[in-house]
Amino acid sequence: MEDETNLDLNNEKKVLCEKIIRDINAVFLKDADLSSFEIIPKETNCNKSPVVHVDHNLGLESWCAQHVYDHAHRILIAHRKQTMQQQLRALQQQQQSDSLAKYLNVALLINPDVTTFWHIRRQLVQKNRLSINKELQFSALVLSIKPKSNEAFAYRRWLYSFQSADAIDWPHEISICERAADRCASNYHAWSHRQWVLQNAPPCLLQSELMRTEKFIRKHITDYSSYHYRQLLLSRAYEQCFYMPDESQPPWSSLRELLEHYELAVAAPANADCDAAAEPLLQLLLPNLNRNGVSAQRLRSFLYCCNVAASDMRLCAEQRQLYGAHDCFELHRRASLKFIVEQCLRLLAGLANGPGFYLAPNSMSQTNELRKFDCESHPFLAAVRRVEFQLGDKHKHWCKMHLNFANQD
């Protein structure tokens with residue numbers, strides 16, 4: 001008698017789970033613009049559908065989430081336990097592949113960290129049972145509830161491997177990364193995916209990225225992942241010889257302000273254009289540079305990127321005044337200063353020669369060449385050394401290690 005009762009309960013639970021999964025699938029078929037999914041806290045069944053669909057937002061009441069997931073999990077694992085021939089036969093049949101997709105949708109929305117389920121979705125895509133565009137939308141839906149889902153980001157990169165770079169909506173991909181990082185601090189997977197976008201997207205994305213990351217830093221003051229990404233972004237901009245005309249008056253104002261901080265005055269010509277205003281800065285930062293081996297575009301990019309780095313140093317000082325001392329402010333200030341000093345040294349030492357040519361500072365021979373440079377003969381580097389050495393023994397040690405000032409005592 002007790003076994004029959006348990007069997008009836010299990011059948012009732014199975015029927016209920018199937019109904020809920022059908023309701024969720026109906027929402028997917030009805031609304032092609034779903035933008036978010038949430039588990040709605042509710043502990044009891046109120047004799048109505050626990051599936052909530054409002055304004056392109058999908059929700060599932062929490063009291064049934066575990067039961068529905070267990071049911072979908074059992075069915076999907078049973079599929080994986082079949083022989084390879086049986087699995088392929090199921091994927092090739094439209095009705096069975098649709099059924100698998102229905103259970104996969106529910107299982108991955110509730111628990112997106114199961115690699116096996118994402119692998120089944122990949123098989124369905126390869127068999128043309130799921131479209132790439134809809135899968136991109138589904139993975140974005142997963143990220144709305146689990147912003148740190150590495151599996152979802154990896155799945156998106158896999159889907160994009162079937163498309164050309166020109167066909168990808170890169171700004172939309174950046175927006176997905178930004179929403180995920182905004183919802184979850186220190187979101188390593190979101191920022192790693194954004195780095196992948198940066199490496200594969202066209203250079204025209206750099207300008208908007210510089211603006212967006214500054215806004216993000218101002219909002220999330222202690223999320224060092226954003227600071228680190230901005231450092232990579234600046235290096236990428238310099239690598240690509242990226243440059244945007246500075247319309248401020250006087251031009252390169254952040255860089256001029258930094259030089260004033262180091263007690264190096266630079267005359268600001270009235271109503272001068274960028275090229276005319278750049279010459280005094282180049283004379284100070286790169287004295288005696290052999291310009292025959294460096295393109296004009298490289299020098300413009302040098303000034304532009306150094307101006308961005310100087311602006312970041314000022315931003316860190318402003319943040320410290322507003323919010324007090326934080327490690328991320330000091331670390332990012334150091335990284336920005338290191339960028340300026342390193343690019344000055346590399347150009348002067350002839351390690352970035354040729355029109356638009358960039359060498360990544362990763363070899364020991366290049367590092368040794370930089371260490372041989374006499375910073376005392378360089379007015380800007382000597383001023384940096386003098387002022388930065390006054391900021392304490394710990395900072396002085398960092399300068400010696402990372403700014404090639406170790407042999408200048």
Side-chain angles (χ1 to χ4, degrees), residues 234-235 237-243 245-246 250-269 272-311 313 334-390 399-409:
L234 187 58
S235 295
Y238 187 63
E239 178 185 345
Q240 296 288 322
C241 264
F242 182 75
Y243 162 79
D246 190 345
W252 318 116
S253 56
S254 296
L255 192 52
R256 291 176 183 277
E257 183 180 318
L258 179 65
L259 293 173
E260 290 176 4
H261 172 72
Y262 291 126
E263 302 174 355
L264 297 170
V266 181
D273 59 18
C274 283
D275 290 337
E279 190 58 33
L281 292 172
L282 290 173
Q283 290 289 347
L284 185 59
L285 294 171
L286 303 172
N288 304 319
L289 174 68
N290 180 12
R291 301 195 184 184
N292 293 328
V294 183
S295 68
Q297 180 68 13
R298 164 57 66 216
L299 292 178
R300 282 193 290 265
S301 179
F302 166 77
L303 278 182
Y304 175 82
C305 293
C306 286
N307 191 64
V308 172
S311 176
M313 292 178 68
R334 288 178 175 178
S336 301
L337 176 61
K338 183 175 184 290
F339 176 85
I340 297 174
V341 170
E342 189 173 77
Q343 303 317 322
C344 287
L345 285 171
R346 288 164 58 73
L347 283 169
L348 290 170
L351 296 178
N353 296 327
F357 189 62
Y358 173 82
L359 290 174
N362 56 4
S363 70
M364 184 60 67
S365 60
Q366 293 181 42
T367 303
N368 292 334
E369 287 295 323
L370 293 178
R371 286 177 177 172
K372 295 177 183 178
F373 192 86
D374 182 13
C375 295
E376 285 301 316
S377 65
H378 189 295
F380 170 66
L381 297 179
V384 170
R385 180 179 179 275
R386 183 181 67 255
V387 174
E388 295 294 325
F389 272 20
Q390 297 173 7
C399 291
K400 289 182 177 182
M401 291 290 295
H402 297 282
L403 300 185
N404 298 295
F405 293 159
N407 299 320
Q408 308 297 322
D409 289 333

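Numbers for residues simply follow the sequence, beginning at 1. Both backbone and side-chain heavy atoms feed into the values below; hydrogens, waters and symmetry mates do not.
- At least one donor-acceptor pair under 3.5 Å links the side chain of His378 to the backbone N or O of Leu285.
- The structure places SG of Cys399 at 6.5 Å from CG of Leu337, a figure rounded to the nearest 0.5 Å.
- Counting only distance, with no hydrogens or angles, the side chain of Arg256 and the backbone of Pro251 share a donor-acceptor pair below 3.5 Å.
- In this structure, the side chains of Arg386 and Tyr262 stay at 4.5 Å or more apart for every pair of heavy atoms.
- Considering CD of Gln343 and CG of Leu234, their distance stands at 8.5 Å, rounded to 0.5 Å.
- For the atom pair Cys241 SG and Tyr304 OH, the distance stands at 13.5 Å (nearest 0.5 Å).
- In this structure the side chain of Phe302 reaches within 4.5 angstrom of the side chain of Leu282, judged on heavy atoms.
- Looking only at distances, no side-chain donor or acceptor of Glu342 sits under 3.5 Å from a matching main-chain atom of Leu403.
- Looking at every heavy atom in both residues, Pro287 comes nearest to Pro379 through CG-CD, 4.2 Å.
- Classified by interplanar angle (parallel below 30°, tilted 30° to 60°, perpendicular above 60°), the ring pair Phe339/Tyr238 is perpendicular.
- Distance check, rounded to the nearest 0.5 Å: CG of Leu303 to CZ of Arg298 gives 11.5 Å.
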(request) Let me see the working for Ile340 and Leu258 under side chain to side chain contact (heavy atoms under 4.5 Å, CB included), right down to the final yes or no. (result) CA-CA 11 Å; Ile340 297 174; Leu258 179 65; 3.7 Å; yes
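- Listed by chain and residue number, nothing satisfies the salt bridge (charged side-chain N to carboxylate O under 4.0 Å, His left out) test with Arg300 (two or more places apart in sequence, or in another chain).
- For the atom pair CH2 (Trp252) and CG (Leu281), the distance works out to 8.5 Å, reported to the nearest 0.5 Å.
- In this structure the side chain of Leu299 reaches within 4.5 angstrom of the side chain of Leu289, judged on heavy atoms.
- A salt bridge between Glu279 and Arg291 is present, with a side-chain N of the basic residue lying under 4.0 Å from a carboxylate O of the acidic one.
- Under the side chain to side chain contact (heavy atoms under 4.5 Å, CB included) criterion, Ala335 pairs with Gln231, not counting sequence neighbours.
- Looking only at distances, a side-chain donor or acceptor of Ser301 sits under 3.5 Å from a matching main-chain atom of Phe242.
- Taking the side chain as every heavy atom from C-beta outward, Asn288 and Leu348 never approach each other to under 4.5 Å.
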